[in-house]
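Just the heavy atoms: all of them, side chains too, but no hydrogens, waters or symmetry mates, feed the values below. All of these numbers come straight from a predicted model, not from anything done at the bench.
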Amino acid sequence: MDGNPPPPPPPQVVGTDMTGICFRDQLWLNSYPLDRNLVFDYFALSPFYDFTCNNEQLRAQSIHPLDTTHLSKMIGIEYMLSEVMEPHLFVFRKQKRDSPEKVTPMLCYYILDGSIYQAPQLSNVFAARVGRALHYISKAFNIAASKLEKIGYVDAENESGTSEAKAPKEIIDLKELKRVDLILANLQRKLPPAPPPPPFPEGYVPPQPVDPEKVPETLQGEAQPPAGDPIIDQGPAKRTKY
């Protein structure tokens, strides 16, 4: 070893989706208090931190990296501490500053009880919730359809256990089925059309959809449950730790 400090990790690509991982340094948490004065130093240890930000330049000048008087005079990427509930919750907002008055929000990160996460995009939250709702609605309609198919069929089995032929089955009442279809069609017409999804922020790269040709044939015919909810399904136990 030549005694030189290790090089910093590569800067985070703008728009990178890192909602599937979390970061926690228990050794640091055992050594220092997690408050508004030291929380940025802890956040800078995570893979979410961009070393090209203006906050890093202030740290190199021995200035507190969250000093707004200096950050407002700079141009480029910066992190701001937007919400604080010591010592449990800290919310960082990554933004691009074009002038002292003009900033463009990019991403949000939060520290919950010492674990750092990237907040999901609002469009991803809506897509996951709508997909989950559509999955269960489709499942409910399939169950209702299977129940309707059984209406009108009565098995008249011989109670005496003799070998007599079964009574003929009744035919489905087509008028009843048409009435149900008419009710469902009227309800569907009354529902307003779904609003268009909100646009992605500048530089955001959405996750690529799964190619259906690569899905095994045994799984193509089955109704797959929706993807995990980006808000409900987060936590240290369900994410890759660094």
Is there a donor-acceptor pair under 3.5 Å between the side chain of Asn124 and the backbone N or O of Phe126? no

Using side-chain heavy atoms (C-beta onward) and a distance below 4.5 Å, is Val39 in contact with Ile111? yes

Examine distances only and state if a side-chain atom of Asp35 and a backbone atom of Leu38 form a donor-acceptor pair shorter than 3.5 Å. yes

Mind listing the closest non-hydrogen atom pair of Leu45 and Asp41 along with its distance? CG-O, 3.5 Å

Ignoring hydrogens and geometry, is there a side-chain-to-backbone donor-acceptor pair from Ser138 to Leu134 under 3.5 Å? no

Looking only at atom types and distance, does a side-chain atom of Tyr79 sit under 3.5 Å from a main-chain N or O of Ala44, one as donor and one as acceptor? no

Heavy-atom check, side chain of Leu29 versus side chain of Arg24, under 4.5 Å: yes

From Ile21 atom CD1 to Met18 atom CE, the distance as rounded to the nearest 0.5 Å: 3.5 Å

Closest contact, heavy atoms only, Val125 versus Pro120: CG2-CG, 3.9 Å

With sequence neighbours excluded, tell me which residues meet ring-ring contact (aromatic ring centres under 6.0 Å, His included) with Tyr42. Trp28

Sorted by chain and residue number, the ring-ring contact (aromatic ring centres under 6.0 Å, His included) partners of Phe92 (sequence neighbours excluded) come out as Phe40, Phe43

My understanding is that only one of Phe23, Tyr110, Tyr109, Tyr117 makes a ring pair (Phe, Tyr, Trp, His ring centres under 6.0 Å) with Phe48; could you say which? Tyr109

So do Leu112 and Phe90 actually touch side chain to side chain, heavy atoms under 4.5 Å? no

Between NZ of Lys139 and CD1 of Ile143, what distance do you get to the nearest 0.5 Å? 6.0 Å

Show every salt bridge (Lys or Arg N to Asp or Glu O under 4.0 Å) that has at least one partner inside residues 65-86, sequence neighbours left out. Arg36-Glu86, Glu78-Arg97

Closest non-hydrogen atoms of Gln95 and Pro105, given as atom of the first, atom of the second and distance, are CB-CA, 4.0 Å

Residues 57-65, side-chain donor-acceptor partners within the protein, below 3.5 Å, at least two apart:
unit_1: Arg59; atom_1: NH1; unit_2: Glu56; atom_2: OE1; d: 3.3
unit_1: His64; atom_1: ND1; unit_2: Leu66; atom_2: N; d: 3.1
unit_1: His64; atom_1: NE2; unit_2: Asn37; atom_2: O; d: 3.4

What pairs with Leu182 under side chain to side chain contact (heavy atoms under 4.5 Å, CB included), at least two apart in sequence or on another chain? Asn186

Ile77 vs Met106 side-chain heavy atoms within contact, under 4.5 Å: yes

Distance from Lys94 atom NZ to Ser82 atom OG, nearest 0.5 Å? 15.0 Å

Out of curiosity, Ile75 CD1 to Leu71 CG, how far, rounded to the nearest 0.5 Å? 12.5 Å

List for me each residue that meets side chain to side chain contact (heavy atoms under 4.5 Å, CB included) alongside Glu101, sequence neighbours excluded, and say none if there are none. Ser99

Value rounded to 0.5 Å, distance of CD1 in Ile137 from CZ in Arg132: 13.0 Å

Calculate, to the nearest 0.5 Å, the distance between atoms OH and CG belonging to Tyr49 and Asn55 respectively. 5.5 Å

Check against side-chain contact (heavy atoms from CB on, under 4.5 Å), Asp98 and Thr104: CA-CA 8 Å; Asp98 300 318; Thr104 303; 4.0 Å; yes

Just wondering, do Leu107 and Gln121 contact through their side chains at under 4.5 Å, heavy atoms? yes

In the single-linkage hydrophobic clustering (I, L, V, M, F, W, Y; side-chain heavy atoms under 4.5 Å), do Met80 and Val91 co-cluster? no

Restricting to side-chain hydrogen bond (donor to acceptor under 3.5 Å, both in side chains), what partner residues turn up for Asp113, sequence neighbours left out? His88

